[in-house]
> 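Below is the structure I would like to discuss, written out as structure tokens.
Hydrogens, waters and symmetry mates are skipped; everything else that's a heavy atom, side chains included, is used. Lettering follows sequence order; numbering is per chain, from 1.
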2 protein chains.
Amino acid sequence: MSGSTSLAEQLKMAGFRMTRQRAAVLRAMADSPTPLSALQLWNQAKRNCPCLGLATVYRTLDVLNMVGGVERCHAASGRSFVSCPPGDHHHVVCVVCGRVAEFSRCNVASLIPEVSRETGFHVESHLLELAGICPTCLAEEKAE
Amino acid sequence: MSGSTSLAEQLKMAGFRMTRQRAAVLRAMADSPTPLSALQLWNQAKRNCPCLGLATVYRTLDVLNMVGGVERCHAASGRSFVSCPPGDHHHVVCVVCGRVAEFSRCNVASLIPEVSRETGFHVESHLLELAGICPTCLAEEKAE
DNA sequence: GACATAAATGAGAAGTCTTCTCACTTACTC
DNA sequence: GAGTAAGTGAGAAGACTTCTCATTTATGTC
Ligand SMILES: [Mn+2]
Ligand SMILES: [Mn+2]
Ligand SMILES: [Zn+2]
Ligand SMILES: [Zn+2]
């Protein structure tokens, strides 16, 4: 819940209006323990705002993205949005069920000087995503 | 050129037929200094095989992917295929022009035990992609 | 070289995700 | 309670990828 409040405040502070639709999307995000795709978010949010349009979900995600409250997660197949705590972190995605966990430890930065030297690129950012099997799916695999 | 030959041999050895279309795609790959998207590849390959269909480019990339001669590159916006030398490596993508360079130094593996402990995930693979500005675009920026 | 056969192809339909358009609605300021 | 600019829904459109199926073609065999 505090997550939702915080995102709402971020929007207000950045001069965006709080609408029924945006509130529904924020609430759907806050209520989900696991990050949701735009489509999943739409299905959840419609329960609080039945005539919500999918385009509005995308627009809300864009706005949250601008404000820094949400981040794209390049999952294996297709893209999805993920509500993120502030700060630098990355994702581990379950290849079985799609659940996502976050981690903040990252050693990629130390690689960059060398890559810059090798390739001549001026490196500005990095995308790191791990894939594997989540605890829940691991347990189910063992149960069989 | 040796790159093209090698991919052709890989296909042969895996029991795939060498067609005019596949040869054209392989040649387009070999001739490009920079990795190409399916669409770019199509436009190049059509010069040697005018009636080539885009679907065939995708099919060829799939086949090469199975054989291990090509790898998906999750570039910032949309997907593209990249012909890859064998072995473990990652990409740096230019945010201005889309050019891609490769690097093989990677320290992500050393991160994995800790992430596994923190998240409970059994980590199986990682995706690492750097973004920045390529030497060519850097030069153009300075020229202005 | 001709034949048989399974693999491969082209053209376009279809699918998926995302963005755009535009007439209409609504949150916020005064 | 206006006035106004921001926001919205519905559906069209766009980008990329996969699928379908009738037709072509590479390759092993004679
Ligand atoms: Mn990092
Ligand atoms: Mn690596
Ligand atoms: Zn799982
Ligand atoms: Zn560039």
Side-chain angles (χ1 to χ4, degrees), chain A residues 7-28 35-67 70-82 93 98, chain B residues 7-28 35-67 70-82 93 98:
Chain A
L7 282 180
E9 279 169 4
Q10 283 181 263
L11 286 185
K12 272 264 166 69
M13 259 175 246
F16 293 101
R17 296 180 180 177
M18 182 48 51
T19 64
R20 193 162 23 93
Q21 292 84 344
R22 285 177 178 167
V25 172
L26 261 44
R27 176 159 173 205
L36 301 177
S37 70
L39 202 64
Q40 292 172 321
L41 216 37
W42 186 41
N43 287 324
Q44 291 304 309
K46 272 194 293 190
R47 303 196 305 187
N48 290 321
C49 184
C51 65
L52 176 67
L54 178 54
T56 294
V57 174
Y58 279 104
R59 287 187 283 233
T60 301
L61 290 170
D62 278 348
V63 163
L64 287 172
N65 191 38
M66 285 176 206
V67 167
V70 136
E71 201 181 59
R72 255 183 212 283
C73 166
H74 297 241
S77 63
R79 306 166 189 170
S80 56
F81 267 90
V82 174
V93 183
Chain B
L7 283 180
E9 280 168 3
Q10 282 181 265
L11 285 184
K12 271 264 166 69
M13 259 175 247
F16 293 100
R17 296 179 179 178
M18 181 48 51
T19 63
R20 194 164 20 94
Q21 292 84 346
R22 285 178 179 166
V25 172
L26 261 45
R27 177 158 173 204
L36 301 177
S37 70
L39 202 64
Q40 293 172 320
L41 216 38
W42 186 42
N43 287 323
Q44 291 304 309
K46 271 194 292 189
R47 304 196 304 187
N48 291 320
C49 183
C51 65
L52 177 66
L54 178 54
T56 294
V57 174
Y58 279 105
R59 287 187 284 234
T60 301
L61 290 170
D62 278 349
V63 163
L64 287 171
N65 191 37
M66 286 175 204
V67 168
V70 138
E71 202 182 59
R72 254 181 214 283
C73 166
H74 298 240
S77 64
R79 306 164 189 174
S80 55
F81 266 91
V82 175
V93 184

> Using whole Å, report how far CG of A:Leu39 lies from C1' of C:dG15.
13 Å
> Starting at CG of B:Leu52, measure out to CG of B:Asn43 and round the result to the nearest 0.5 Å.
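That separation rounds to 10.0 Å.
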> May I have the distance from A:Leu52 (atom CG) to D:dG7 (atom P), rounded to whole angstrom?
15 Å
> Taking only heavy atoms on the protein side, list every residue of residues 43-51 of chain A lying under 4.0 Å from any atom of DNA chain D, sorted numerically.
A:Cys51
> Do A:Arg22 side-chain atoms and A:Arg17 backbone N/O form a donor-acceptor pair below 3.5 Å?
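The answer is yes, because a donor-acceptor pair under 3.5 Å joins these two groups.
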> How many Å lie between CG on A:Asp62 and C1' on C:dC20, as a whole number?
12 Å
> Is there side-chain contact between B:Thr60 and B:Gln21, with at least one heavy-atom pair below 4.5 Å?
no
> Rounded to the nearest angstrom, tell me the gap between atom CZ in A:Arg22 and atom C1' in C:dT25.
14 Å
> Do B:Leu26 and B:Leu64 have side chains that get closer than 4.5 Å, going by heavy atoms?
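They are in side-chain contact.
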> Figure out the CG/C1' separation between A:Leu54 and D:dA12, and round it to whole Å.
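Atom-to-atom, A:Leu54 to D:dA12, this comes out as 14 Å.
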> Do A:Leu41 and A:Leu61 come within less than 4.5 Å of each other through their side chains, counting heavy atoms only?
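They are in side-chain contact.
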> Roughly how far, to the nearest 0.5 Å, is CD of A:Gln44 from CG of A:Leu39?
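The distance works out to 11.0 Å.
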> Base contacts versus sugar-phosphate-only contacts with protein, heavy atoms under 4.0 Å: please encode nucleotides 24-30 of chain D as B, S and - from 5' to 3'.
-SBS---
> Indicate the atoms forming the closest heavy-atom contact of A:Ala45 with A:Ala28, along with that distance.
N-CB, 4.0 Å
> Once you round to the nearest 0.5 Å, how far does CD of A:Gln10 lie from CE of A:Met66?
14.0 Å
> Locate the shortest heavy-atom distance separating B:Pro35 from B:Gln40; write the atom from each residue and the value.
O-OE1, 4.1 Å
> Specify the separation, in whole Å, of atom OH of B:Tyr58 and atom P of C:dG15.
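Computing the B:Tyr58:OH to C:dG15:P distance gives 18 Å.
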> Under 4.0 Å between a side-chain N or O of A:Arg59 and OP1 or OP2 of D:dG7?
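Result: no.
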> Atom CG of B:Asn65 to atom P of D:dT17: distance rounded to whole Å?
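So the CG-P distance, B:Asn65 to D:dT17, works out to 13 Å.
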> Could you tell me how far apart A:Leu41 (CG) and C:dC17 (P) are, to the nearest whole angstrom?
14 Å
